[in-house]
Amino acid sequence: MHLSEQEIIRREKLQELTQLGIDAYPAALFPITHSSTFIKENYKGPENAADFADVSIAGRIMSVRDMGKANFCVIQDGAGRIQLYIKRDDICTGEDKTLYDIVWKKLLDIGDFIGIKGYVFTTKTGETSIHVKDLTLLSKALRPLPIVKEKDGESFDEVTDPEFRYRQRYADLIVNPGVKDTFIKRTKMMNCIRAYLNDMNALEVETPVLQSIPGGAAARPFITHHNALDMPLYLRIANELYLKRLIVGGFDFVYEFSRNFRNEGMDRTHNPEFTILEFYVAYKDYFWMMETTENLLEQVAIATNGQTKLTVGEKEIEFKAPYKRISIYDAILEHTGIDVSNMNEDEIRTTCNTLHIPTEKSMGRAKMLDEIFGTMCEANYVQPTFIIDYPIEMSPLTKKHRSKPGLVERFELIVNGKELANAYTELNDPIDQRERFEEQTKLMERGDDEAMFIDQDFLRALEYGMPPTSGIGFGIDRLAMLMTNQLSIQDVLFFPQMRAENPNS
RNA sequence: GAUCUCGUAGCUCAGCUGGUAGAGCACAUCACUUUUAAUGAUGGGGUCUUGGGUUCGAAUCCCAACGGGAUCACCA
């Protein structure tokens, strides 16, 4: 193991601490009375100084300004940062100045955790600080932390290298405080959604991640193997079919934050594992779901950002309900000037050629329409927009439209040019469902490697009868990107997938 | 998977048309008892991602591998 000069020095300091009888990794708890942020927000000077005359806090040393027999340092705890004033003769009241001269000045470093006791005061320059009376080492850092300096809100030498930040997220979180805020917002968002659904008497459930038939979506799965059962298993690509089984079983409103796994390409909006919120509600249809969706999103925007109008990249996005609704045919008409609603497969193939959209023989009518929408229309919908009423072939789990032949009752919610949610009036006719699965099998035989497998157990469940139901899947990572104004999915996942680290680096 | 681009100290970055590697912060030693990108002085620290090639000589030019990013394909 190759150590840098600084790492060697820190290990030597650790030995010296041990020789002084100081445990660099003590087991006992350290009693904490306040957080850094609480002190800074509540200390008012002489008028309430008595309340802060004896505080005890702990955190990581982030910077040190040494003045000789006194110095200032900044520590960071879970809430934020606060400045400490450490004076030699205050932490070493007797003749022995070892604690200050040796332990504090020589043996402690930026990155170490310390616990301190002292009183709060305001410095000459007006910064709320803690005058330290007692100091304890709580944990020694052996690896030097990247140093980010700051003045007037401007950062210097900020660690921006994405590889460093994603591989060593722990270090990224320490030195880039904004990163923590992003993830706190993500959790607030999840909490808001849970509260919203729970208020509607929804039940949060858990369904299998290991599935023998990967259903509910069109995607390439990860395959694994169970040794004792000696059978292949797939990591789930969606939980839809399991939640519907629960609706059959008599739950009227279930939801799950489903970690899904898809063995496909990665880019700034795709990670191999990602989270989708799905919920299913009995006796509802997709109109009800559109209203619920726009109301939920409005609440989420307020819970995470305090307002419904958000800045995402260069754009302003207004999440206040209601949202525009437009059929996929009208969307295509609007952006291409071509009415495809009555075209057959050959005519649509010709249209694709006209629009310079490549097609393959395996692509059916619906797939080509999806391509036209994806390339010509989708990116234009920046404000939340429901695209509704899709052709039946591309929606094998969706109920036929109540009045428009050839279509299904389905919507996708597009925000900032990306699909954020996908919802239907669910297909609950078991005979129709069996036929749709058989259509998928034909597509598979034709070469479509994303077509769905027939799930006989799911059909058996439907045959017991499923109430009319509406369901939705929400891209939680993408929603987090919108709510936190991040352009890459890697910035809303703590540990995004990376290649194995180069052993030479 | 394809194309483009990047990889130099713990961190942020210089390093020109090839001539034995530099700065700031960090680190070490010293000074300084209210500083805040603290300051002043001195010093140490590098397999220039890895492996080949061209050359008298490669961080620099060429090829390949590994890793990151961007674009595309696939998808949410």
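Below, chain A is the first sequence line, B the second, and so on; all start at residue 1.
With distances taken from any side-chain atom of A/Val159 to the nucleotides B/U12, B/C30, B/C32, the minimum falls on B/U12. Nearest to the side chain of A/Met67, among B/U35, B/U12, B/A28, sits B/U35. Picking from B/U35, B/G45, B/U12 the nucleotide with the shortest atom distance to the side chain of A/Ser129 gives B/U35. Listed candidates were B/C32, B/G45, B/C25. Nearest to the side chain of A/Glu5 is B/G45. Out of B/G10, B/U34, B/G68, the shortest distance to the side chain of A/Pro144 is found at B/G10. Residue A/Arg499 has its side chain nearest to B/G67 when only B/C30, B/G67, B/C11 are considered.
If you take atom C1' in B/C27 and the same atom in B/C11, they sit 12 Å apart, rounded to whole Å.
Between the A/Arg11 side chain and the A/Leu3 main chain, no donor and acceptor come within less than 3.5 Å of each other.
Remark: A/Asn176 pairs with A/Asp172 by the side-chain hydrogen bond (donor to acceptor under 3.5 Å, both in side chains) rule, at least two apart or across chains.
One can place CD of A/Glu154 at 11 Å from P of B/A37, the figure rounded to the nearest angstrom.
By the stacking rule of 5.5 Å between ring centres and under 30° between planes, A/Phe72 does not stack on the base of B/A38.
Scanning atom types as modelled, no donor and acceptor separated by under 3.5 angstrom connect the side chain of A/Glu419 and the base of B/A76. For a distance-only test at 3.5 Å, the side chain of A/Asp109 fails to qualify as a donor-acceptor partner of the base of B/C27. Side-chain atoms of A/Glu127 and base atoms of B/U34 include no donor and acceptor less than 3.5 Å apart.
Side-chain contact of A/Gln83 with A/Thr123: a donor-acceptor pair under 3.5 Å is absent, judged by distance alone.
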A correct dot-bracket answer for RNA chain B, with pairs being Watson-Crick or G-U at under 3.5 Å, [ ] for crossing pairs and | for inter-strand pairs, is (((((((..((((.....[..)))).(((((.......))))).....(((((..]....))))))))))))....

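The residue among A/Gly126 and A/Ser488 whose nearest nucleotide of RNA chain B is located toward the 5' end is A/Gly126.
The residues A/Asp54 and A/Lys133 are annotated as not salt-bridged, no charged nitrogen and carboxylate oxygen being separated by less than 4.0 angstrom.
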Side-chain donor-acceptor pairs of residues 91-99 of chain A under 3.5 Å, sequence neighbours excluded:
from, atom 1, to, atom 2, distance (Å)
A/Asp96, OD1, A/Thr98, N, 2.9
A/Asp96, OD1, A/Thr98, OG1, 2.3
A/Lys97, NZ, A/Asp89, OD1, 3.1
A/Lys97, NZ, A/Cys92, O, 2.8
A/Lys97, NZ, A/Gly94, O, 2.9

